[in-house]
Amino acid sequence: MSFLLVSDIIKMAMKQLEEAGVEDVKGDAEALYCYLKHVDRARFFLSWANPADDRTCEGYFNLVARRCKREPLQLITGEQEFMGIPIKTKKGVLIPRLDSEVVALAAELLLKEQKNKTVLDLCCGSGALGIALAKRADAKVTFADISEAAISLTKENIAACGVKGAEVVWGDLFDPVAKKKYGMIISNPPYIETSVIPTLMPEVRQWEPMSALNGGKDGLDFYRRIIAGAPAHLKKGGTLVLEIGHDQAYAVTEMLENSPAFAEIKVIKDLAHNDRVVTAMYDEKAAKREAKRLAEEEKLAAKEAKLAEKEAKKAARRGEAPAEKQAAEAAPEADGNEGDSEQ
Ligand code: GLN
């Protein structure tokens with residue numbers, strides 16, 4: 001039997017966590033105790049001066065040791081609350097971030113104004129964004145991810161949260177939804193620049209899936225693909241809601257501005273005053289106008305090509321070499337040696 005009190009083991013854990021470089025040592029030491037003993041914070045404070053039995057000490061310091069290896073708290077406890085909803089976590093799937101709550105809120109506000117409440121959650125990960133919209137805005141959500149681990153965790157979370165009418169599909173971005181259209185597309189895609197990944201905290205760099213973080217050389221790979229693909233999957237009056245990195249608002253809004261399919265482009269900040277969300281409305285009329293213009297341009301180009309072909313054939317019949325061939329034959333003489341230049 002040890003003679004340690006709960007307060008003693010908490011203090012010892014805080015010291016160990018501090019030496020390991022953990023950020024919030026008090027919060028984590030207490031959270032691990034609560035998790036081990038299945039108690040809430042209030043019960044924990046009441047037991048502050050109680051003795052800690054041997055089993056508790058052993059179990060507790062095992063958990064603390066894991067956290068000292070910088071395993072994220074949420075992977076140890078298996079849960080992260082998102083918009084007040086408990087979301088299960090698992091190694092191999094991105095842990096929901098507090099920053100993303102503002103993305104869910106922005107989407108919720110838009111959705112409440114929309115008639116069509118079908119949502120496509122692209123790169124759904126744990127399913128947190130889509131589940132929040134299903135529960136808070138009565139959305140009918142299709143969850144999509146390329147990671148099998150994400151798909152299976154999303155399914156678990158949907159079942160645990162009692163979300164009805166959800167669909168979960170596996171594949172690369174829009175691939176698994178074929179020609180389907182939605183009232184909203186929401187996504188928190190991987191957006192970290194490849195070269196920045198080694199500089200992230202050990203909790204992220206060593207424990208979280210690279211495939212959920214790596215946005216390519218400039219971090220924007222997924223925005224390019226989502227913005228190009230979204231118009232074909234949005235219904236009239238639909239909206240696009242994207243989580244972005246704190247320094248990506250300019251680049252992402254520029255991409256949307258360059259696409260005639262989007263209007264009313266807005267940037268929203270998170271609680272830390274970082275740019276975090278970009279929203280846009282799908283402008284179906286403008287998109288159709290642009291599609292028509294492109295089709296006409298293509299038609300014109302085809303017509304011109306046909307005409308040129310006809311001309312070439314005519315010239316061949318007259319026994320002339322086609323214009324390009326003539327030019328090619330003339331070329332060596334044109335810039336050729338001085339002696340021949342008169343010929
Ligand atoms: N915001 C996440 C982080 O802190 C990155 C998530 C992402 O790339 N979508 O690492």
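All values derive from a computational prediction rather than experimental measurement. Just so you know, ligand 1 is whichever comes first in the structure, and atom 1 is the first atom listed for that ligand.
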Protein contact to atom 1 (N) of ligand 1 [nearest heavy atom, distance to 0.1 Å]: Tyr191 OH, 2.9 Å
Would you please name every residue forming a side chain to side chain donor-acceptor pair (under 3.5 Å) with Asp8, sequence neighbours left out? none
contact_flag Ser100 ligand 1 heavy-atom lt 4.0 Å: no
Answer yes or no for Asp99: is there a heavy-atom contact with ligand 1 below 4.0 Å? no
Pairs of nitrogen or oxygen atoms closer than 3.5 Å, one from Pro189 and one from ligand 1: do any exist? yes
Arg276 N/O to ligand 1 N/O under 3.5 Å: no
Do Asn157 and Ser126 meet the criterion of a side-chain donor-acceptor pair at a distance under 3.5 Å? no
Do the side-chain N and O atoms of Lys37 and Thr56 include a donor-acceptor pair separated by under 3.5 angstrom? yes
Looking at CD1 of Ile146 and CG of Asp175, how far apart are the two atoms once the value is rounded to the nearest 0.5 Å? 8.0 Å
Output the distance between atom CH2 (Trp170) and atom CD (Glu148), rounded to the nearest 0.5 Å. 5.0 Å
Could you tell me, atom by atom, which parts of ligand 1 come under 4.0 Å of a heavy atom of Leu213? 5 (C), 8 (O), 10 (O)
Less than 6.0 angstrom separating the ring centers of Phe222 and Tyr191, yes or no? no
Applying a heavy-atom cut-off of 4.0 Å, say which part of Glu208 lies close to ligand 1: side chain, backbone, both or neither. neither
Identify which of Glu203, Arg97, Glu243 has a heavy atom lying nearest to atom 2 (C) of ligand 1. Arg97
